[in-house]
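Values reported hereafter were calculated over all heavy atoms of this structure, with side chains retained and with hydrogens, waters and symmetry mates removed. Within every chain, numbering begins at 1; the chains are lettered A, B, ... in the order of the sequence lines, protein sequences first and strands thereafter.
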Amino acid sequence: METFVFDGTLEGLLTAVFYCYQKKSEKVKVVSSAHFHPDVFHQHFTVVSEDDKAKRVWAGLRKKLDPGWMLNIYKAFLSEQPQAFQHLLDFARYIIDHEQGAETNFGNSDVLAISQLEHKVHREKHRMEAFIRFQKTGDDIFYAHIEPDFNVLPLLIKHFKNRYADQKWIIYDLKRKYGLFYDLEKVEEIVFDFTEEMSPSLNALPARLLDEKEELYTILWKDYFKNVNIPARKNMKLHIRHVPKRYWKYLSEKQG
Amino acid sequence: MYERIREKLGILADAAKYDVSCSSSGSNRKNENKGLGDAEGTGICHTYTEDGRCVSLLKVLLTNHCIFDCAFCVSRRSNDIKRAAFSVEEVVELTINFYRRNYIEGLFLSSGIFKNADYTMERLVRIVKKLRTEERFNGYIHLKTIPGASEELLKEAGMYADRMSINLEMPTEAGLKILAPEKSHEEVKKPLGFIQKSITQFSDEKALIKHVPKFVPAGQSTQIVIGATPDTDKEIMHTANAFYKNFSLKRVYYSGYIPISNDSRLPVIGSQPPLIRENRLYQADWLMRFYGFNVQEILNDAHPNLDVDVDPKLSWALRHLEQFPVDVNTADYRMILRVPGIGVTSALKIVQARKFGRLYKDHLKKIGISFNKARHFIRYGDSPMQLKEYEAGHIKGIILAESHSKYQKNPHNQLSLF
Ligand code: SF4
């Protein structure tokens with residue numbers, strides 16, 4: 001078995017697939033450099049990301065897979081799970097080596113793993129679309145920060161851009177330290193240097209930055225949440241299944 | 001200074017919560033005018049109440065003043081409660097500001113009937129019109145049809161709403177007559193029929209002319225209250241089935257009655273709402289809509305009520321063991337779908353995956369079926385030889401024993417005297 005070390009990017013992973021064929025490798029173990037521990041008894045091959053090679057592999061996959069499955073690959077990649085890289089490499093080789101339609105073979109463990117990873121990432125994306133709570137700032141920007149389990153920001157662009165086309169907004173990933181800014185025209189990646197008063201765990205900007213009506217709507221939303229509750233039906237188990245506790249920090253209605 | 005609007009929202013959200021419909025899906029309204037919001041696809045639950053219900057819309061009444069006296073309703077005229085009314089502007093502002101902060105998918109607007117039906121409906125229409133035209137709001141709007149409102153107003157409402165609904169309230173006409181003598185199922189059928197006809201007209205025109213405006217693109221729904229009247233599950237589901245068929249309803253909602261009145265015609269205050277029964281009815285509803293079951297198969301004279309201890313799909317299978325076991329490697333998709341423990345997604349995966357070779361226990365588990373439940377009803381690549389035929393009671397016993405938590409009778413949710 002050979003070991004390929006790549007730089008952790010999708011481009012790098014696709015380049016690694018390319019080398020599997022160029023080097024006529026059999027079983028290949030793929031590791032991102034962040035997770036790699038060199039071993040003196042073992043040789044490894046360092047994959048240098050190359051746009052050309054990655055594109056060729058991507059194009060090859062696109063010939064066999066529909067756009068939905070291409071997106072699944074991307075989503076599985078955004079899971080950032082170490083085992084995802086291995087499954088993706090093996091999945092890509094499996095698709096390339098087989099006739100069209102191989103991706104529906106859920107008996108294959110890589111096919112199944114990709115669809116399960118995709119499912120998890122998709123669910124996280126969906127949760128962010130649900131649980132993000134914007135706060136309106138004094139300069140008319142709607143701001144929210146999040147700490148998603150997976151790197152879902154790239155998947156959120158379309159939804160938020162379509163929906164909030166007439167307001168400026170920022171969604172910031174505190175864990176991965178970058179964000180999205182929509183300026184009424186386009187969405188851009190941004191990076192902040194937070195001052196100390198930015199509390200990462202609470203979705204709350206300092207009051208002096210907020211629009212004067214912000215407090216009112218936070219209160220009204222909390223009131224609303226309280227009033228729609230039907231005590232006779234209370235079922236906290238079900239509640240927590242829908243809104244796992246680790247997401248409560250995003251939800252203004254769950255604070256205080 | 002916030003007190004007035006807080007109090008109004010408190011009263012008018014509280015009074016609206018008994019309408020359980022929360023769906024914000026099924027519309028196709030895009031944000032094409034670079035305005036605010038869209039209402040495409042499946043809709044999002046932005047939070048859940050502590051009883052586990054989805055919160056996706058700002059659900060409020062315009063007012064809880066009402067000239068009617070329906071015994072099952074908190075807003076009934078004889079009930080001594082605080083009353084309030086929003087202004088048109090207040091509802092619009094709340095909706096827009098909640099929406100911009102990503103709290104909601106849109107508005108669910110209903111109302112008690114003040115003065116008369118048209119007066120009330122006209123106000124509702126003013127709100128949705130303002131949202132769509134002045135605020136350029138493309139989020140989801142669910143608008144209640146006020147019984148007795150004129151066809152002109154209904155037609156105008158339909159130009160702005162994504163979904164409209166009008167509640168049957170009680171499963172049978174007789175039950176409704178006892179609790180709400182001023183209402184009738186006939187009165188519900190009229191507007192349902194009118195809006196359905198208009199929807200069809202618009203979609204016919206759409207085939208001919210390109211830019212026909214939208215008309216209630218997410219269709220109509222209704223709600224039936226469960227457990228306020230002594231109707232059987234059979235009566236409930238047969239009513240639901242007829243309304244699905246006759247009015248192309250998108251959804252029927254079943255709402256377990258929550259006692260709110262000392263009226264002797266109704267269950268006493270403090271009795272538990274029939275939550276398990278409500279859940280079983282939803283399951284039966286799904287079997288009809290997504291699993292190819294006919295209502296007669298699930299509920300009939302020999303079997304007028306759903307089982308409490310097992311779900312209706314398992315219950316049907318146990319009554320029809322002659323149709324099992326189903327071989328997952330060869331059976332029709334239709335039959336695989338009927339196996340307890342196999343859902344729509346798994347059934348689809350099974351018929352796709354088996355093209356690549358026989359399916360074994362391992363595959364089935366990975367695909368995600370509830371194997372422990374399904375195994376009694378299926379054959380697969382390595383299924384063990386079955387020496388004796390089990391009978392229904394025995395299988396049910398095994399399944400119940402293995403899944404104690406899920407099927408356990410939950411006394412908390414049963415009707416009790418206290
Ligand atoms: S008409 Fe509607 S609001 Fe009025 S009492 Fe009857 S159910 Fe309640």
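To the nearest 0.5 Å, atoms NE2 (A:His242) and CZ (B:Arg53) are separated by 11.0 Å. Taken to the nearest 0.5 Å, the CH2 atom of A:Trp221 stands 6.5 Å off from the OG1 atom of B:Thr47. Here the CD1 atom belonging to B:Ile367 is positioned 7.5 Å from the CG atom belonging to A:Leu112, to the nearest 0.5 angstrom.
When each of A:Asn108, A:Asn227, A:Leu238 is checked for heavy-atom pairs under 4.5 Å with chain B, A:Asn227 comes out on top. For the set B:Gly35, B:Ala13, B:Gly37, B:Ala353, the count of heavy-atom pairs under 4.5 angstrom toward chain A peaks at B:Gly35.
In this structure the side chain of A:Gln135 never reaches within 4.5 angstrom of the side chain of B:Arg101, judged on heavy atoms. Side-chain contact between B:Leu36 and A:Gln167 is present, with at least one heavy-atom pair separated by less than 4.5 Å.
Counting heavy-atom neighbours within 6.0 Å of A:Lys64 NZ, excluding the residue itself, gives a total above 12. Residue-environment remark: CD (A:Glu99) stays at or below the threshold of 12 foreign heavy atoms within 6.0 Å. Counting non-hydrogen atoms of neighbouring residues, nucleotides and ligands closer than 6.0 angstrom, the CZ atom of A:Arg241 reaches no more than 12 such neighbours.
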message: Pair A:Ile219, B:Arg6 - check side chain to side chain contact (heavy atoms under 4.5 Å, CB included), show working.
response: CA-CA 8 Å; A:Ile219 293 175; B:Arg6 286 185 72 182; 3.3 Å; yes
field: side chain to side chain contact (heavy atoms under 4.5 Å, CB included) between B:His363 and A:Phe106, intermediate numbers included
entry: CA-CA 8 Å; B:His363 295 128; A:Phe106 291 99; over 6 Å; no
- request: Could you check A:Leu220 against B:Leu94 for side chain to side chain contact (heavy atoms under 4.5 Å, CB included), going step by step and ending with a plain yes or no?
  value: CA-CA 9 Å; A:Leu220 288 174; B:Leu94 272 174; 3.8 Å; yes
task: Any chance you could lay out the side chain to side chain contact (heavy atoms under 4.5 Å, CB included) test for A:Glu129 and B:His46, step after step, and finish with the verdict?
output: CA-CA 8 Å; A:Glu129 287 170 359; B:His46 286 275; over 6 Å; no
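Taking a cutoff of 4.0 Å between a charged side-chain nitrogen and a carboxylate oxygen, A:Asp166 and B:Arg100 qualify as a salt bridge. The pair B:Asp38-A:Arg163 counts as a salt bridge, with a side-chain nitrogen and a carboxylate oxygen less than 4.0 angstrom apart. Look at A:Arg233 and B:Glu50 and you find no salt bridge, because none of the NZ, NE, NH1 or NH2 atoms lies under 4.0 Å from a carboxylate O.
Using cut-offs of 30° and 60° for the angle between ring planes, the A:Tyr217 and B:Phe98 rings count as perpendicular.
Checked by atom type, the side-chain pair B:Asn31/A:Tyr164 shows no donor-acceptor distance below 3.5 Å.
Across B:Cys45 and A:Ala130, no two heavy atoms sit closer than the pair O-CB, 3.3 Å.
At least one donor-acceptor pair closer than 3.5 Å links the side chain of B:Asn102 to the backbone N or O of A:Ile132.
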